[in-house]
Amino acid sequence: MAFQKPKGTQDLLPGTVERWQFLESKAREVCRRFMYGEIRTPIFEATELFQRGVGETTDIVEKEMYTFEDKGGRSMTLRPEGTAGVVRAYVENKLYGDPDITKLYYIGPMFRYEQPQAGRYRQFHQFGIEAFGSSDPGLDAEVIALGHQFYKEIGLQGFTLEINSVGTPAIRAAFREELLAFLAPKKDLLCKDCRSRMERNPLRVLDCKVDQEHFAGAPSLLDHLDAECADHFDKVQSYLKEMNIPYDINPKLVRGLDYYTHTAFEFKAAGIGSIDTIGGGGRYNGLVSDVGGPEQTGVGFGLGLERVLLVLENQGAELPAATKPEVYFVALGEAAERRAVSLLNAVREKGIAAEKDYGGRKMKAQLKSADRLAAKYAAILGDDELLRGEIVLKNLATGEQEAVALDKLADRLLEGQ
RNA sequence: GAGGUCAUGGCGAAAUGGUUAACGCGACGGGUUGUGGCCCCGUUAUCGCCGGUUCAAUUCCGGCUGAUCUCCCCA
């Protein structure tokens, strides 16, 4: 084989792209109803944007970025996530000047240099939304509701929602000290991953799969929230209840990116190997100013389209397949061939999906193609039909045939749809 | 960044250190010089790449690449 696609990427071919188109159109439709407008930002940005926006000590920035130097000597990075670029565009285009809340969505590829596994790719695709300009917990709830509606509408079964409040950076810093004080005496009992987490990201330690026995009596972040944070969290929950969106509180939920404040949430579903997160997000009140904008709040959400699709396929959901032609033209002989070309074109102009043979093959082979493509009709045109000014329309499911005047073909097909 | 499993045709999938690499599906052609889906016949593979062992490698060994699964982490 001469060339292979880069590791962790995929070719989406006709027959499966329809599934992607389905997900994308549903995403757009839900955003339309929620009044989120599409934003398309560059696929690469200045490296520093992600360093500042995502967080210097995150795995993404430390080891997963596709970074390169352009010919002008600038360090550029293929976007590893969507929020930083959107925030940059929000600031650069001074959308904060809009008196109303700015609500944006995006769909597109993201890039992370990782070892691929089930539901994890180097180029993957996210659908995400960001809402700027309000700290109202109702907006957090709206963001969650949009995600919930999307999953529901694509037919996903059995997904769950977990929420948490991660407070403010100051609260987290204080909690972090207390947690480390709790963990320090147990350090030697913990697994090697936990010991490294203690240095890199202590809040994640409590989520460890193997060391749970040592965590009895551990402090909880939720107990350290100040009145404002607790009130915000309560209100988010009451809005979710108001909308009948079921959720669980997961006090150990910490998101992988540094910028979250207050609300953090994840949607989960089984069916992607060892991975269960299909989407997540939260509020990021400090991010806009971190990236050089004014003090402005934001809340958002991103979901992985590959993962959602894997779960759907795993659940045996009905998904759209390749387009089937309404009619397949079978032409016999040169004169019929010429006429078939014009009929084909005319029918297509009327909006009918139509195909014909281009191999000059015999009738049997042409009908076989029509059958294989699952055409509804075969339109058979030979010298006899040409003389009569007719074409034979054969219903391939029933085998019934009828002669149709050539100039009535398109109308006949349209009424049969 | 670490580890396990794997790599044969368009697809699924056997077997084998030696001269025809099963079988199934599909595709193409024919049986039926104008009727598909059923049936019958025929055709359809430089065994991922590079190197090594050997008289001989698709088969054994090593490296590479990729897939898949898992850890870290994440969508």
With A:S165, which of A:T261, A:L222, A:I249 fulfils side chain to side chain contact (heavy atoms under 4.5 Å, CB included)?
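Checked A:T261, A:L222, A:I249 against A:S165; only one passes side chain to side chain contact (heavy atoms under 4.5 Å, CB included): A:L222.
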
For a ring-ring contact (aromatic ring centres under 6.0 Å, His included) with A:F301, tell me which candidate from A:Y106, A:F265, A:Y36 qualifies.
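The passing option is A:F265.
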
Near A:F44 CZ, under 6.0 Å, is it more than 12 heavy atoms from other residues, nucleotides or ligands?
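It does not: A:F44 CZ has 12 such atoms or fewer within range.
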
CD of A:Q4 versus C1' of B:C50: gap in Å, rounded?
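My rounded result for the distance is 14 Å.
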
Rounded to whole Å, please give me the gap between CG in A:D357 and C1' in B:A27.
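Taking atom C1' of B:A27 as the reference, CG of A:D357 is at 15 Å.
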
If the [atom1] atom of [N] is compared with that of [M], how far apart are they to the nearest Å?
| N | M | atom1 | answer |
| --- | --- | --- | --- |
| B:A56 | B:A14 | C1' | 24 Å |
| B:G37 | B:G31 | P | 14 Å |
| B:C69 | B:U53 | C1' | 32 Å |
| B:G24 | B:U43 | P | 13 Å |
| B:U59 | B:C50 | P | 12 Å |
| B:U44 | B:C25 | C1' | 13 Å |
| B:C49 | B:U58 | C1' | 14 Å |
| B:A75 | B:G17 | C1' | 48 Å |

With a 3.5 Å limit on both atom pairs, tell me what [N] is paired to, counting Watson-Crick and G-U wobble, or say none.
| N | value |
| --- | --- |
| B:A56 | none |
| B:U19 | none |
| B:G62 | B:C50 |
| B:A27 | B:U43 |
| B:A67 | B:U5 |

Is NZ or CZ of A:R122 both nearer than 6.0 Å to the six-membered ring centre of A:Y113 and within 45° of the ring axis?
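So A:R122 does make the cation-pi contact.
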
So, does A:K362 get its side chain near the phosphate of B:G30, meaning an N or O under 4.0 Å from OP1 or OP2?
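Looking at the OP1 and OP2 atoms of B:G30, one of them is under 4.0 Å from a side-chain N or O of A:K362.
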
Using a 4.0 Å cut-off on protein heavy atoms (strictly under), produce a 5'-to-3' string for nucleotides 35-43 of chain B with B for base contact, S for backbone-only sugar-phosphate contact, and - for none.
BBB------

Any chance you could list the contact pattern along nucleotides 69-75 of chain B? Use B for base contacts, S for sugar-phosphate-only contacts and - for none, protein heavy atoms under 4.0 Å, 5' to 3'.
BBBBBBB

Can you tell me if A:E178 and A:H224 form a side-chain donor-acceptor pair at under 3.5 Å?
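There is such a pair between these side chains.
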
Short N-O contact, A:E355 and A:R348, less than 4.0 angstrom
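A salt bridge is present here (some side-chain N lies under 4.0 Å from a carboxylate O).
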
Which heavy atom of A:K187 sits nearest a heavy atom of A:R195, and at what distance?
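Nearest heavy atoms, A:K187 then A:R195: O-CD, 3.5 Å.
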
Write down the atom of A:R283, the atom of A:D140, and the distance for their closest heavy-atom approach.
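Closest approach of A:R283 to A:D140, heavy atoms only: NH2-OD1, 2.6 Å.
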
For A:T67, which residues count as a side-chain contact (heavy atoms from CB on, under 4.5 Å) partner, sequence neighbours excluded?
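For A:T67, the residues satisfying side-chain contact (heavy atoms from CB on, under 4.5 Å) (neighbours in sequence not counted) are A:T47, A:M65, A:S75, A:T77.
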
Identify whether any heavy atom of A:G8 sits under 4.0 Å from a base atom; if not, whether one sits that close to sugar-phosphate; answer base, sugar-phosphate or nothing.
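Touches sugar-phosphate only.
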
Should A:H262 and A:Y284 be marked as a ring pair (Phe, Tyr, Trp, His ring centres under 6.0 Å) after you check the CA-CA gap, both sets of side-chain angles, and the distance that decides it?
CA-CA 8 Å; A:H262 296 286; A:Y284 44 84; over 10 Å; no

Here's a test of your reading of the structure: between A:Y113 and A:T9, which maps to the more 5' nucleotide of RNA chain B?
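Mapping each residue to its closest nucleotide by heavy atoms, the 5'-most match is A:Y113.
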
